[in-house]
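See below for the structure under consideration.
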Amino acid sequence: MNFARSVHEVAPELIGATLLFNGSGGRIVEVEAYDQSDPASHAFRGRTPRNAVMFGPPGHAYVYRSYGIHWCLNLVCEEVGVASAVLVRALEPTHGLDEMRSRRGLDEERLLCSGPGRLCQALGITGTDNGLPLDRPPFALRDRPQPVDVDTDRRIGISRATELPWRYVEAGSRFLSRPASSSRRA
DNA sequence: CACAGGATATACT
DNA sequence: GTATATCCTGTGA
């Protein structure tokens, strides 16, 4: 995957790609795009210690703490100095199922990675992985083998710029954090 | 379905 | 320093 492009080009192409961390993970079925001019983005108010990775080279992981409890994984896009990232919100588990079950403390496959906090817990991603490159261990990313039907929707859990259709999901997937509501085929 | 838990980071005085 | 908002989830009704 070439991340040195607009986040709005990259995000829909990530649906169907395979993301692994230390050998466990799955197919990406849900993402959201955040760019620098976007009031809902951490980068909107400029560079801070927390969001610095978003302003660095593309193709790296931006991991932040959410609601004090969960970790969330973002993939940095564009070029150095322009901050944008794709929030990875859900995976269809394909690799390391037992390992992910034990880290999550539950058996049900559908709940292993269906949410940004859940998938970080399942894969074992934490703040110490912030800034790591996505193209070598512990990360591995494989482009989708063929195009996938992608629906767009409004983003989840934000209070500003809620009207932007920057959530992308695989049409009909049962592993989404929430079903697409008023969606449109992308 | 409503809701509290929980810890950062940033905004505000 | 104090306040506030948060790219969420499990639990219990």
Side-chain angles (χ1 to χ4, degrees), chain A residues 3 6-8 10-12 14-15 17 19 21 26 28-56 58 60-78 82-93 100-132 134 150-170 173-183:
Chain A
F3 285 97
S6 162
V7 65
H8 303 295
V10 174
L14 282 169
I15 302 299
L19 174 72
F21 184 80
I28 298 174
V29 295
E30 176 178 353
V31 300
E32 289 178 359
Y34 290 85
D35 77 22
Q36 193 162 5
S37 65
D38 170 9
S41 171
H42 288 173
F44 180 65
R45 291 181 196 79
R47 181 178 179 139
T48 68
R50 177 176 62 156
N51 67 22
V53 171
M54 284 185 79
F55 291 82
H60 288 240
Y62 168 44
V63 182
Y64 69 91
R65 178 91 73 178
S66 174
Y67 290 85
I69 308 167
H70 313 289
W71 296 104
C72 291
L73 171 66
N74 295 254
L75 313 182
V76 176
C77 294
E78 318 235 358
V82 179
S84 71
V86 178
L87 171 66
V88 183
R89 291 191 52 91
L91 305 179
E92 174 182 337
M100 295 199 288
R101 284 195 185 97
S102 95
R103 275 192 292 255
R104 290 275 294 124
L106 51 75
D107 285 343
E108 203 176 331
E109 192 174 326
R110 200 182 59 79
L111 296 177
L112 284 182
C113 302
S114 58
R118 289 167 175 171
L119 76 87
C120 282
Q121 187 184 19
L123 273 59
I125 294 172
T126 70
T128 63
D129 305 306
N130 187 36
L132 292 181
L134 299 169
V150 175
D151 284 344
T152 64
D153 194 9
R154 305 195 326 193
R155 295 176 293 178
I156 294 175
I158 58 175
S159 57
R160 295 181 309 194
T162 55
E163 71 287 355
L164 298 174
W166 288 353
R167 177 180 183 232
Y168 300 92
V169 304
E170 178 177 23
S173 170
R174 71 189 190 97
F175 295 97
L176 306 179
S177 64
R178 297 171 51 175
S181 51
S182 58
S183 62

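Being a predicted model, the structure only gives us computed values, none of them experimental. Below, chains carry the letters A, B, ... as their sequence lines are ordered, and counting in each starts from 1.
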Task: Qualifying residues under side chain to side chain contact (heavy atoms under 4.5 Å, CB included), relative to A:A90, sequence neighbours excluded - done: A:V29, A:E30

Open item on the list: Can you pull out every salt bridge (charged side-chain N to carboxylate O under 4.0 Å, His left out) where at least one residue sits in residues 41-51 of chain A? Sequence neighbours excluded, please.
Closed with: none

Open item on the list: If you compare every side-chain N and O of A:R50 against the phosphate oxygens of B:dT8 (OP1, OP2), does one of them come in below 4.0 Å?
Closed with: no

Task: A:T162: partners by side chain to side chain contact (heavy atoms under 4.5 Å, CB included), with sequence neighbours left out - done: A:I158

Just the table, please: protein N/O against nucleotides 10-13 of chain C N/O, every pair under 3.5 Å.
residue, atom, partner, partner atom, Å
C:dG10, OP1, A:R104, NH1, 2.9
C:dG10, OP1, A:R104, NH2, 3.0
C:dG10, OP2, A:R118, NE, 2.9
C:dG10, OP2, A:R118, NH2, 2.6

TODO: For DNA chain B, write out the stems as range with range, using runs of 3 or more consecutive Watson-Crick or G-U pairs with both distances under 3.5 Å.
DONE: B:1-5 with C:8-12, B:7-12 with C:1-6

- [ ] Give a yes or no answer on whether the side chain of A:R167 reaches the backbone of A:D153 with a donor-acceptor pair at less than 3.5 Å.
- [x] no

Task: Non-neighbouring partners of A:E92 that pass salt bridge (charged side-chain N to carboxylate O under 4.0 Å, His left out), sequence neighbours left out - done: A:R27

Open item on the list: Suppose we screen for side chain to side chain donor-acceptor pair (under 3.5 Å). Which residues come up paired with A:T128, at least two apart in sequence or across chains?
Closed with: A:T126

- [ ] Under 4.0 Å between any heavy atoms, over every strand shown, what does A:R155 touch: base, sugar-phosphate, or nothing? Just pick one.
- [x] nothing

Could you tabulate the donor-acceptor pairs under 3.5 Å formed by side-chain atoms of residues 66-75 of chain A, not counting sequence neighbours?
residue, atom, partner, partner atom, Å
A:N74, ND2, A:Y62, O, 3.4

Task: All ring-ring contact (aromatic ring centres under 6.0 Å, His included) counterparts of A:Y34, not counting sequence neighbours - done: none

Close N or O pairs between protein and nucleotides 1-6 of chain C (under 3.5 Å):
residue, atom, partner, partner atom, Å
C:dT6, OP1, A:S159, OG, 2.2

Open item on the list: Give me each pair satisfying side-chain hydrogen bond (donor to acceptor under 3.5 Å, both in side chains) with a member in residues 104-122 of chain A, each pair once, sequence neighbours excluded.
Closed with: A:R104-A:Q121, A:S114-A:R118

Task: For A:P179, side chain to side chain contact (heavy atoms under 4.5 Å, CB included) partners two or more places apart - done: none

